Protein chains: 2
Amino acid sequence: MSRIDPEPTLQDEAARAGWLYYVGGLTQDQIAAELGVSRQRAQRLVSRAMAEGLIHVRLEHKIGACLQLEAELARRYGLGQCRVAPGLGAGADPARAIAGPAAALLEHYLARAEPQVIALGTGRALRAMVEELTAQDCERHHVVSLIGNIAPDGSASFYDVIMRIADKLHAPHYPMPVPVISDTPAERALFHSLRPVQAVVALVQRADVIFVGVGQMGDDAPLLLDKFVTTGQLRDMQGVGAAGEIAGWVFDATGRYIDCDANDRVGGVRIDAGREAPVIGVAAGATKVRAIRAALTGRLINGLVTDEPTARALLA
Amino acid sequence: MSRIDPEPTLQDEAARAGWLYYVGGLTQDQIAAELGVSRQRAQRLVSRAMAEGLIHVRLEHKIGACLQLEAELARRYGLGQCRVAPGLGAGADPARAIAGPAAALLEHYLARAEPQVIALGTGRALRAMVEELTAQDCERHHVVSLIGNIAPDGSASFYDVIMRIADKLHAPHYPMPVPVISDTPAERALFHSLRPVQAVVALVQRADVIFVGVGQMGDDAPLLLDKFVTTGQLRDMQGVGAAGEIAGWVFDATGRYIDCDANDRVGGVRIDAGREAPVIGVAAGATKVRAIRAALTGRLINGLVTDEPTARALLA
DNA sequence: GGCGCGAGTGAGTATTTACCCATGCGGTGA
DNA sequence: TCACCGCATGGGTAAATACTCACTCGCGCC
């Protein structure tokens, strides 16, 4: 051998073990022998490969029932893009189910040769989508955040997906240097008067495609859990018909943004109804049905990635 | 439910079971319960999903050692594209290992918005590559075969990958309506004088990318096994230094096509050395090292997808 | 130097999966 | 009509895998 084997990293070993297991179909005994480690270590490497997302699994077959749901959703709500993933059973996190299909749809836009401006919201669903994304070089594209990245305590927001995706794609990226929710409308206005912020907002406005999560406004609304609103404020919004939220902007059951205190302080860019460019909602779960239906009804989103039970509920 | 569940097909059920197993991480017991079938049937569905290629597994982590090999191969042989997959251990079929990476590379070209002309050779490696390919709509691209598709007995050739890939991509496709190897040079010339054949040849000549297998010329050469040459002819070619073969065209250890009887009768298009457009060799295995090295040396190919042991051997 | 602390290891074991085989069901041809 | 064939089914069991636990080793801290 001409070169000294540089000590393979732990991830390298895990990747190799996972490769041998999932692609090669070897047993963990055989992997242990191949790598010269104990059987237990082989097992640990394999499960680490899975846990760290080194191994991606995708389903290459559209199940008939899902196709049908896609078609019906697209027709009913006039969607440009619609993906319905099979459900994962009662207990599972629906975000897991839709992450793969959502990532595949995003990759579809990433594959374009012309530089694309891709705007992203936040949330667990988008986070999972980015996890599933294949790393690739996309210097020509721009990823831009819809939503402020400054948490209430001044730190960078925790759920921000822009940095993660930029990391995977090596693409220029534009966080929105604005509080997620400002304390006052005046503070919000001040931030939005800054030139760098305006530049990011302008970028969002001409985005070629937008991916957003859809938040629900029940008693366990993400806005509440993340401490962006108080229980009292949440109650008030529920009182005036809040049904869901996109990028922090709260709307009612018809998909019209409601007039409330919080909406005057949201740092992110509001997605207006009936946009031309694709606005893809990535969301699933029984609790979100009302919010998603509202967003679809109001044409805040014109594309949807969801799972089977949610799709059925939306059509029911 | 508004619609009657149309009896899900067996494949649908298999896909769902595989999804629940590999993506959802459910046990086969849970899947059985979810689908309302017996444990054993769930097990069968899961293994069928795998066997039918409904589930695709890819490694999302470049192992350091492989990256290094890629860089060294690219430098040593001046390659435009180079992928090295981790080996799968002694017993396994190396074609399995390289199928995924090769498919990913091909998808890279398929993703282009401008219509591409993609030329393909044949062989087990390319066959496996196509199996791994994600089905998608590529009406804008053209896939064209490098190699004749008429078997010695007049039937369509068995290994032809064009039909399979066209099936997956829904792309216009151009088999080469010529015997793989004609009986006489005159017959070959006759076929090549036909206008439809010339059209296909012209298409190959302006292909944007070419994927080929690389055949070895040992005593178990594919050309012999597929009965395209006799043992005697093979010995003769070995005698004059045959090292490998691409699309049926036999070359020596320096990558120069040799002057032999078989080369006068090969139906397919010869790939000339030093082409501008990418010519990707997809090949791995200890027996093929000599052939691949020859093809690289002669610059018959300017891209390579192989596996780790083969890469090491090529650099040794 | 002694003392935890945490990460990693290998043995042992419970759970899960893959394979084998006897059985039954539906279709086919005599 | 009946014997036969192919094939899917589910029970059972051997193999493989995931998990638990006690232990060691290296490291920082007292």
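A note on names: the letters A, B, ... follow the listed sequences, proteins ahead of strands, and every chain is numbered from 1. Bear in mind the structure is a predicted one, so any value in this text is a computation, not a measurement. Note that these values count all heavy atoms, side chains included, but never hydrogens, waters or copies made by symmetry.
For the pair B:Gln30 CD and D:dA18 C1', the interatomic distance rounds to 14 Å; values are reported in whole Å. Atom CG in B:Leu26 sits about 19 Å away from atom P in D:dT17, given to the nearest Å. Rounded to whole angstrom, the span from the CD atom of B:Gln40 across to the C1' atom of D:dG12 amounts to 9 Å. The CE atom of A:Met50 sits 14 Å away from the C1' atom of D:dA18 (whole-angstrom rounding). In this structure, B:Ile31 atom CD1 and C:dT16 atom C1' are separated by 11 Å, rounded to whole Å. Taking atom CG on A:Leu45 and atom C1' on D:dC19, their separation rounds to 16 Å, with Å as the unit. Summarising the geometry, the separation between CG on B:Asp29 and P on C:dA14 is reported as 18 Å, rounded to the nearest angstrom.
The side chain of A:Gln43 lies closest to D:dA18 when the candidates are D:dG10, D:dA18, C:dT17. Distance from the side chain of B:Gln28 is smallest to C:dT17 among C:dA11, C:dT17, C:dT9. When distances run from any side-chain atom of A:Arg39 to the nucleotides C:dA18, D:dT17, D:dG10, the shortest one goes to D:dT17. For B:Arg41, counting side-chain heavy atoms from C-beta on, the closest listed nucleotide (D:dT9, D:dT17, C:dA11) is D:dT9.
Remark: B:Tyr21 is not in phosphate contact with C:dT16, judged by side-chain N or O atoms under 4.0 Å from OP1 or OP2. Taking 4.0 angstrom as the limit, A:Ser38 places a side-chain polar atom (N or O) nearer than this to OP1 or OP2 of C:dG10.
The two atoms that bring A:Leu133 and A:Ala103 nearest to each other are CD1-O, 3.7 Å, heavy atoms only. The two residues A:Ile98 and A:Asp307 have their closest heavy-atom pair at CG2-N, 3.6 Å.
A:Val212 has its side chain out of reach of A:Val282: every pair of non-hydrogen atoms, C-beta onward, lies at least 4.5 Å apart.
Using a 4.0 Å cut-off between charged nitrogen and carboxylate oxygen, A:Asp12 and B:Lys62 do not count as a salt-bridge pair.
Of the two residues near DNA chain D, A:Thr27 and A:Arg44, the one whose nearest nucleotide lies more 5' is A:Thr27.
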Do B:Arg16 and B:Glu34 pass the salt bridge (Lys or Arg N to Asp or Glu O under 4.0 Å) test, and can you show the C-alpha distance, the side-chain angles, and the key distance before you say yes or no? CA-CA 10 Å; B:Arg16 191 179 289 273; B:Glu34 187 83 23; over 6 Å; no
